[in-house]
There are 2 protein chains.
Amino acid sequence: MNFSITEENYIKNIYHLQQQSELVNTNSLAYELHTKPASVTDMLKKLQIKNLLDYEKYKGFRLTNKGNKVAINIVRRHRLWEFFLVTKLGFEWDKVHSIAEELEHVSNQELIQKLDRFLNHPQIDPHGDPIPDGNGKIPIIHQLSIADVAEKKKVMVSSVANQSPAILELLNHYHINIGTEIKINQRFSFDGSIEIKVGKYAACTISELVAKNIFVYHD
Amino acid sequence: MNFSITEENYIKNIYHLQQQSELVNTNSLAYELHTKPASVTDMLKKLQIKNLLDYEKYKGFRLTNKGNKVAINIVRRHRLWEFFLVTKLGFEWDKVHSIAEELEHVSNQELIQKLDRFLNHPQIDPHGDPIPDGNGKIPIIHQLSIADVAEKKKVMVSSVANQSPAILELLNHYHINIGTEIKINQRFSFDGSIEIKVGKYAACTISELVAKNIFVYHD
DNA sequence: TATATTTTTTAGATTTGTCTAAAAATAAAT
DNA sequence: ATTTATTTTTAGACAAATCTAAAAAATATA
Ligand SMILES: [Mn+2]
Ligand SMILES: [Mn+2]
Ligand SMILES: [Mn+2]
Ligand SMILES: [Mn+2]
């Protein structure tokens with residue numbers, strides 16, 4: 001079944017609000033979508049008719065199983081595109097969300113499947129959020145701060161916790177990006193700084209603060 | 001200025017129809033857009049108000065300079081995405097058009113600029129059509145059929161004339177794709193067949209018919 | 001030139017998604 | 001237990017894009 005861009009935005013935002021509280025209420029959804037409660041109520045009825053929503057007047061609402069599957073698929077597309085924008089096109093994290101907000105609605109199945117393969121089936125988006133697979137399974141990803149990685153280990157950057165332009169500037173300077181390979185050379189106890197080797201660049205040291213914000217895949 | 005997806009589809013199709021006849025008429029545009037003439041008339045008025053269209057009742061219409069610029073930008077996005085889908089995601093030509101039809105409406109400037117760079121500023125889309133640059137300049141591309149390339153020359157595939165599944169099957173067999181490097185080894189006068197070397201694969205021979213349908217960049 | 005045909009436009013209705021203002025239900029406070 | 005405040009829903013209107021049926025203009029034909 002195919003849904004309009006508007007419907008998809010409603011579905012996705014209901015999904016996200018459900019991660020915090022089981023039942024979602026009209027006002028908070030209206031706030032997320034920058035729309036008015038009255039508009040939300042209208043759409044709730046439509047989604048209920050399409051069997052995407054469990055909804056009782058005045059009592060709040062939640063996605064049905066079907067609605068949940070649709071939502072996860074949208075989230076998958078959104079995060080795959082975000083990953084693409086950062087790792088392939090060289091965007092910075094703070095810029096990709098709004099673009100992915102549009103790309104996520106291009107819903108050709110084969111496109112997403114091929115994009116996923118092209119990106120090597122990434123499991124985490126640039127903001128550290130898991131990317132659901134083609135079956136809707138959401139990977140439980142083991143991420144570890146570089147500050148906690150054992151010496152001599154080689155790891156791959158999965159995400160960065162702090163998303164400020166300030167840390168971005170620093171990471172660019174170190175040539176660290178999502179997907180970058182890093183080897184932990186040595187940890188210095190005096191200030192918690194760590195010597196690392198980024199890709200093929202000469203070894204360098206990073207502060208403990210930076211290290212704590214860089215997350216890597218870890219099984 | 002920003003335009004709705006519907007407006008963009010109208011603008012782009014008017015542009016394409018203008019390549020064949022200076023003035024465009026209501027019926028043919030309606031046909032292209034799979035819509036009814038009455039709907040077209042409505043939109044014509046809107047586009048005229050926005051200074052995108054020169055339109056006189058009953059006399060046909062054409063894009064203004066402004067409208068032309070908008071159209072070329074949409075065409076640019078469409079063809080860049082088509083190129084991406086074929087060369088990066090491994091789509092076949094006959095599948096990419098409808099997907100690009102959606103992607104073209106994601107109009108973030110920086111996205112297109114970065115995509116263009118990522119693709120290495122391609123000049124021809126997978127169907128052999130020129131890709132306008134960021135300033136709206138449409139490159140006049142010198143393409144040459146492989147059948148006409150001098151022996152010993154190394155060339156790069158720009159497009160394929162025939163778009164049937166039959167030739168596709170054959171080209172896949174030869175590992176020939178958009179962007180593939182080909183060296184012309186020897187031409188055989190008896191049947192016009194040509195021995196070529198595709199990338200790093202062992203040399204092989206292709207028929208004259210195939211050769212005539214493969215186009216390469218040529219300055 | 002008068003008549004018939006085709007093309008284009010108008011008139012009026014419909015669907016989707018939105019809004020404001022007012023009413024109804026629920027929750028909180030006295 | 002009332003009163004007050006908040007949340008949610010309804011009623012009615014509106015903009016964008018579409019449609020059908022009918023009118024008007026332009027073309028083609030006799
Ligand atoms: Mn969105
Ligand atoms: Mn994200
Ligand atoms: Mn389109
Ligand atoms: Mn094309």
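All values below come from the heavy atoms of this structure, side chains included, with hydrogens, waters and symmetry mates left out. In the text below, chain A, chain B and the rest are named by the order of the sequence lines, each starting its count at 1.
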Could you label the plane-to-plane angle of the F84(A) and W81(B) rings as parallel, tilted or perpendicular, counting under 30° as parallel and over 60° as perpendicular? tilted
Look at all strands and tell whether T26(A) reaches a base, only sugar-phosphate, or nothing, counting heavy atoms closer than 4.0 Å. sugar-phosphate
Mind calculating the distance between NZ (K50(B)) and C1' (dA15(D)) to the nearest angstrom? 12 Å
In whole angstrom, what separates L44(B)'s CG from dA16(D)'s P? 16 Å
Nearest whole angstrom, please: distance from the P of dT8(D) to the CZ of F61(A). 8 Å
Taking the six-membered ring of F118(B) as reference, does the cationic atom of K88(B) (NZ for Lys, CZ for Arg) lie under 6.0 Å from its centre and within 45° of its axis? yes
Any T35(B) side-chain nitrogen or oxygen under 4.0 Å from OP1 or OP2 of dT18(D): no
Check this one for me: any side-chain N or O of S4(B) less than 4.0 Å away from OP1 or OP2 of dA17(D)? yes
Using heavy atoms to find the nearest nucleotide of DNA chain C for K57(B) and M43(A) separately, return the residue whose nucleotide is more 5′. K57(B)
Which atom pairs, donor and acceptor, lie under 3.5 Å between side-chain atoms of residues 168-180 of chain A and protein residues at least two apart or in another chain?
| unit_1 | atom_1 | unit_2 | atom_2 | d |
| --- | --- | --- | --- | --- |
| Y174(A) | OH | T205(A) | O | 3.1 |
| T180(A) | OG1 | N177(A) | N | 2.8 |
| T180(A) | OG1 | N177(A) | O | 2.9 |

Residue K114(B) excluded, over 12 heavy atoms near NZ under 6.0 Å: yes
Name every donor-acceptor pair, under 3.5 Å, that has one atom in a side chain of residues 27-40 of chain B and the other anywhere in the protein, sequence neighbours excluded.
| unit_1 | atom_1 | unit_2 | atom_2 | d |
| --- | --- | --- | --- | --- |
| S28(B) | OG | N25(B) | O | 3.0 |
| S28(B) | OG | N25(B) | OD1 | 3.1 |

Residue whose closest nucleotide on DNA chain D lies nearer the 5' end, K45(A) versus K46(B): K45(A)
In whole angstroms, how far is the P atom of dT18(D) from the CD atom of E7(B)? 10 Å
Regarding T6(B), tell me which of base, sugar-phosphate or nothing describes its non-hydrogen contacts under 4.0 Å with the strands shown. sugar-phosphate
Boundaries of the chain B footprint along DNA chain C (any atom under 4.0 Å from a heavy atom): dT7(C) to dT10(C)
Just checking, any donor-acceptor pair under 3.5 angstrom between side chains of H121(B) and D116(B)? yes
Under 4.0 Å between a side-chain N or O of K36(B) and OP1 or OP2 of dT18(D)? no
Does Q19(B) have more than 12 heavy atoms from other residues, nucleotides or ligands lying within 6.0 Å of its CD? yes
Remember a base hit wins even if backbone is also touched, and classify Y55(A) as base, sugar-phosphate or nothing at under 4.0 Å, heavy atoms. sugar-phosphate
Considering every strand and a 4.0 Å limit on heavy-atom distances, what is the contact class for D42(B): base, sugar-phosphate, or nothing? base
Identify whether any heavy atom of Y10(B) sits under 4.0 Å from a base atom; if not, whether one sits that close to sugar-phosphate; answer base, sugar-phosphate or nothing. sugar-phosphate
Below 4.0 angstrom from OP1 or OP2 of dT8(D), is there any side-chain N or O of N27(A)? yes
Using atom NZ of K59(B) as one end and atom P of dA26(D) as the other, report the distance to the nearest whole Å. 6 Å
